[in-house]
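The chains referred to below are lettered A, B, ... by the order of the sequence lines, with proteins before strands, and numbering in each begins at 1.
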Amino acid sequence: MPEQIIFKREEDMPYLPITFGSMAWNKTGTWRYLRPKFENKISPCIEGCPAGQDIEGAMVLIGKGKILQAWDLFKEENPFPAVCGRVCFHPCESSCNRGEFDEAVSINALERFMADMASRHGRKPLGKREKRKEKAAIVGSGPAGLTCAYHLARLGYGVTVFEALPVLGGMLRVGIPEYRLPKKVLEEEIDQILELGVKAEVNVRLGKDFLMNDLKEYQAIFLAMGNHQSKSLGIPGEDTQGIMSGLEFLKNVNLGKAVALGKRVAVIGGGNTAIDAARSVLRLGSKPFILYRRTREEMPAFLGEILEAEEEGIEISYLVSPVRVIAENGKVSRLECLKNRLGPADEDGRRRPVEIKGSNFFLEVDQVIAAIGEEADLSPLPKKLGLKENAVLTDERGATRQKGVFAGGDIIQQPRTVVHAIGSGKRAAIFIDCFLKKKKWEGLFEAIRIGEQGTLSMKRYLQAENERASLSSKTVRLKDLNLDYFDYKKRKKMPKTQVAKRVGSFEEVNQGYAEETAVAEAKRCFNCGVCNLCDNCYIYCPDVAILKQGEDGPNVIDYDHCKGCGICVEECPRDAMVMEEERR
Amino acid sequence: MIEIRIHGRGGQGAVIASEVLASAFFQEGKFVQAFPAFGVERRGAPVTAFTRVDDQPIRIRNFIYEPDHIIVLDPTLIESTQVDSGLKENGWIIINTDRPPKNFPHFSRFRVATVDANRIAVEYKLGSPTAPIVNTAILGAFSRITGMVSMDSVIEAMKEFVPSNKAGNAAAIKEAYERAKA
Amino acid sequence: MKKIMVGNHAVSWGVMLSRAEVISAYPITPQTTIVEELSVLCADGRLKAKFIPVESEHSAMACCVGAAAAGVRTFTATSGQGLALMHEMLHWASGARLPIVMATVNRALGSPWNIWGEQTDSLSQRDTGWLQLYCESNQEVLDTVIQAFKIAEEISLPVMLNLDAFFLSHTAEPVEIPEQSLVDDFLPPYQPEFRLDPKNPHSFGCMTPPEYYMEFRYKIQQSMLQGKAVAQQVDDAFGRVFGRKYGLIEPYRCEGADLILITSGAIASTARVVVDNLREKGRKVGMVKVRLFRPFPKDELLEILRQVEKVAVVDRNVSFGVGGIFAHEMRAALCNEKVRPAIFSYIAGLGGRDVTPPVLNDVIYQTYKRQEPEAQSVWVGMRS
């Protein structure tokens with residue numbers, strides 16, 4: 001430690017005011033009343049992701065060009081980044097603080113980009129951690145079932161998946177058209193799951209080909225059969241030839257079966273199935289038009305899908321309800337409709353359509369596709385599991401009332417999206433692991449859940465308790481950021497197939513980012529709440545009390561000299577530092 | 001000591017003319033000084049510049065109040081300013097104009113010479129037809145009329161101060177030298 | 001080589017010959033052509049210097065402070081209002097002991113607006129710790145730039161050289177351009193003892209408490225006093241190499257004089273003509289040009305002035321409430337001398353008013369006529 005230099009005489013002093021020793025002898029840390037500290041917080045995107053992916057971490061890696069490592073990070077939580085990168089409704093982007101600033105980071109497109117990159121490089125997910133003797137049965141091979149299978153297999157369990165259809169993938173395979181999710185992309189991710197040793201049996205339907213009781217050899221069961229039953233229109237003439245459900249139509253198209261459509265095809269409904277059906281009709285060479293009973297405001301389909309449908313010239317009629325199917329020669333020929341107006345809001349907050357008496361009109365149609373909603377077929381399940389309103393009741397772990405039986409995906413009470421299904425599959429895998437190892441799970445949520453509204457992190461679950469970094473309970477909002485350090489920058493657009501080329505072709509619409517674009521887009525990330533070594537603290541510290549430790553940090557605070565002025569905390573762009581009272 | 005005063009308008013090149021003239025005398029071994037009457041220079045505004053020439057170092061640093069000769073770059077100045085103020089008797093007034101010297105009878109106490117420097121400048125593409133730069137041409141006339149400095153010295157001096165079209169300026173000096181009328 | 005050039009270009013060429021490495025300046029009439037010429041010289045490679053354009057004179061000096069602290073030869077130029085805006089940083093430059101050289105084209109200060117010559121701008125900076133030199137001709141301007149760098153670097157203090165607005169800055173006259181190789185020998189590259197260097201970190205100009213601050217001020221005062229001898233040595237050495245020297249002051253025809261006119265800058269030049277004329281008429285009038293104003297050359301002046309009874313000081317400047325600043329300095333410098341001349345103070349030529357031989361004759365005439373100096377400075381050349 002250098003000593004204080006004291007000049008006794010004028011002649012001993014330099015001619016100009018310059019320091020010689022250092023001031024390190026002066027332990028200014030003792031002056032401190034408040035102390036800064038580095039404390040990472042929750043990025044809202046991660047909290048907003050039902051699959052619990054470390055989005056912020058991946059953005060940092062992509063920004064540095066480490067694309068495959070970013071993919072690894074996602075793959076730790078979710079076996080389906082290539083799928084999600086195409087079909088997820090990306091609630092992460094709705095939570096992104098950048099959205100309030102200029103435009104949200106294009107996380108979804110970046111997820112797809114890293115998955116495509118991993119595919120090109122033949123990158124594989126990490127394999128089994130250990131081998132365990134216990135076995136688990138999974139009913140349904142949709143995103144929930146396969147996610148659960150993936151995680152359980154990696155945890156070392158023997159897993160068998162039972163699928164009623166001839167192919168794996170559930171709704172991903174039969175409900176989503178090729179132009180949104182190419183089969184090849186889905187199959188590659190499913191193959192990676194099977195490569196972990198997951199066994200799959202197809203064409204076996206619960207309740208028909210086997211019963212719950214037949215699964216006794218499995219110590220745990222995960223039920224994820226999905227909602228594959230279409231709701232009926234409930235209007236006269238519904239059983240006429242020339243009327244089919246949206247799901248059936250999409251399934252037939254996806255399975256490569258010949259579908260005979262007339263010229264004019266009415267698609268009824270406002271959900272994703274309706275949009276997917278209409279766009280598929282267009283690609284098969286017929287003219288689709290959509291009838292929806294409320295307005296575009298209330299439409300449950302994702303906005304992006306609606307916009308693309310409109311781009312492709314698909315006409316959507318709002319405030320229209322079909323009331324009767326009129327047949328000619330036993331085949332549908334006209335659809336009688338009523339006009340609606342919007343009434344008061346119903347319990348889900350959307351305004352209810354109210355029919356206008358006498359507003360009847362007729363539409364010439366050759367085919368009607370009814371896509372007004374899907375529901376689960378729970379008839380094969382025993383009542384003792386706990387069933388309510390066509391859903392399986394589960395606790396916060398995803399466990400049913402029957403020991404060892406868990407459930408997830410669209411058959412439980414949660415939003416019916418791919419990413420929620422994936423989240424529920426991961427959750428089930430974690431608690432099946434706890435169940436099979438007879439681990440206490442109390443306190444686990446607090447330890448591995450990312451953010452109070454967030455979901456569980458497999459990465460944290462797999463860490464030993466003592467190696468888990470402490471987790472802040474605070475989610476960073478825009479007001480917590482120091483926006484002086486960020487420039488306005490619009491998000492990068494993904495190239496799309498030209499509209500003219502889309503009609504009559506099932507070629508994928510979105511074309512994905514080039515690497516350069518992806519890296520630039522990832523760099524738009526604010527890294528909310530997470531130190532990315534921007535070094536503002538180091539630059540601004542008036543006491544040189546932020547110490548750097550090589551390229552990869554972390555920066556540390558020299559508490560011997562930090563006076564607690566708080567400039568580092570104030571100038572941290574991303575709320576990754578806090579001040580706390582000094583304990584004396 | 002010879003003291004010369006140049007009257008012009010902003011943009012005609014009066015200040016450069018004073019410097020070129022000084023430089024021409026300097027080449028012939030004289031001590032010289034050139035400076036403008038420092039106004040707030042704007043295009044079109046009246047401008048005055050001075051040149052002193054002597055056989056000894058020039059110490060005096062004042063404006064010229066009683067010039068030996070006068071150069072007028074713009075004849076309209078004769079109406080608005082008293083260009084002959086303080087001019088010594090028999091001093092030359094060299095005017096850029098298309099009129100002959102006899103058209104300036106009110107300068108009878110002095111000697112008057114004229115040259116159509118505007119036309120010459122336009123001919124050699126010095127400045128633009130609406131705003132010709134006449135400073136070099138009129139010095140050709142000064143050389144011819146006063147005989148105090150050679151045309152070659154004026155041309156050499158011009159080369160030092162004029163950034164472009166040196167050939168055009170040299171030709172303009174020569175032509176003005178030939179066309180100057182007393 | 002002799003070249004016809006205006007005073008401002010003489011500054012620029014002096015800077016080029018001195019091989020300044022960083023120039024930062026903001027243009028202002030009548031200094032602008034210094035900066036223009038320097039940027040041309042930098043752009044065409046004749047001067048290998050970094051030219052830093054800035055948004056104000058304050059920033060210009062701040063840039064110079066930074067550059068000089070980093071150990072490079074640094075130059076700036078300004079005028080009037082610009083110098084006033086720079087004031088704060090002038091103290092910093094001297095306090096940090098940085099040998100920055102600045103040309104000030106002396107210009108009157110507003111209000112009212114005036115772009116013409118007056119020394120009040122630079123004399124208002126006399127307490128900032130800068131040496132000040134006042135020049136009389138374009139040749140002296142160029143030579144003084146070179147000398148200024150040498151003096152500044154010798155004593156680690158900044159130097160300001162001053163030239164009159166328009167009467168020098170815009171006046172073209174022959175200037176001898178020194179040989180570059182001779183200038184290089186005379187003024188070797190700047191090699192400071194301390195410089196900003198990341199490899200050898202020091203803190204410069206940091207907070208200095210009362211127990212140390214005064215010693216640093218004392219050292220500036222000592223260096224400033226030493227500056228007089230150094231300026232003399234540099235001028236002598238310059239004379240040996242280039243054949244021209246100017247002195248700290250220059251007495252002109254003071255032999256046997258009974259009255260000495262004291263002045264500076266361009267007025268000194270015209271005063272020579274006046275003195276010559278009066279000497280021809282048998283008047284025993286001499287003139288002393290004060291070239292170095294800070295540090296004030298008291299001893300040198302005293303040696304000349306003790307022979308006469310009357311000294312007339314012509315100031316193209318004014319300190320309101322006191323009067324002419326050179327006169328004021330003269331009185332203060334001489335007040336403890338037993339034998340000393342009476343100081344007659346005159347103010348002339350403010351805001352660019354022409355100080356003609358008749359005005360100077362009037363000064364001399366009034367000084368002869370009066371027994372005692374007036375209590376206040378006498379303003380000459382006023383409208384009447």
Under the ring-ring contact (aromatic ring centres under 6.0 Å, His included) test, residues paired with C:F293 that sit two or more places apart: C:F296, C:F326
Most chain A-contacting option - heavy-atom pairs closer than 4.5 Å, from C:F216, C:Y213, C:F204, C:F194: C:F216
Sequence neighbours excluded - salt bridge (Lys or Arg N to Asp or Glu O under 4.0 Å) pairs with any residue from residues 522-540 of chain A: A:D102-A:R524, A:E521-A:R524, A:D535-A:K548
Side-chain donor-acceptor contact under 3.5 Å, C:T144 with C:R291: yes
Between A:T475 and A:E47, a side-chain donor and acceptor under 3.5 Å: yes
Between C:C206, C:A96, C:G95, C:S156, the one whose heavy-atom pairs under 4.5 Å with chain A are most numerous: C:S156
Heavy-atom contact with chain A under 4.5 Å, split by part of C:Y218: side chain
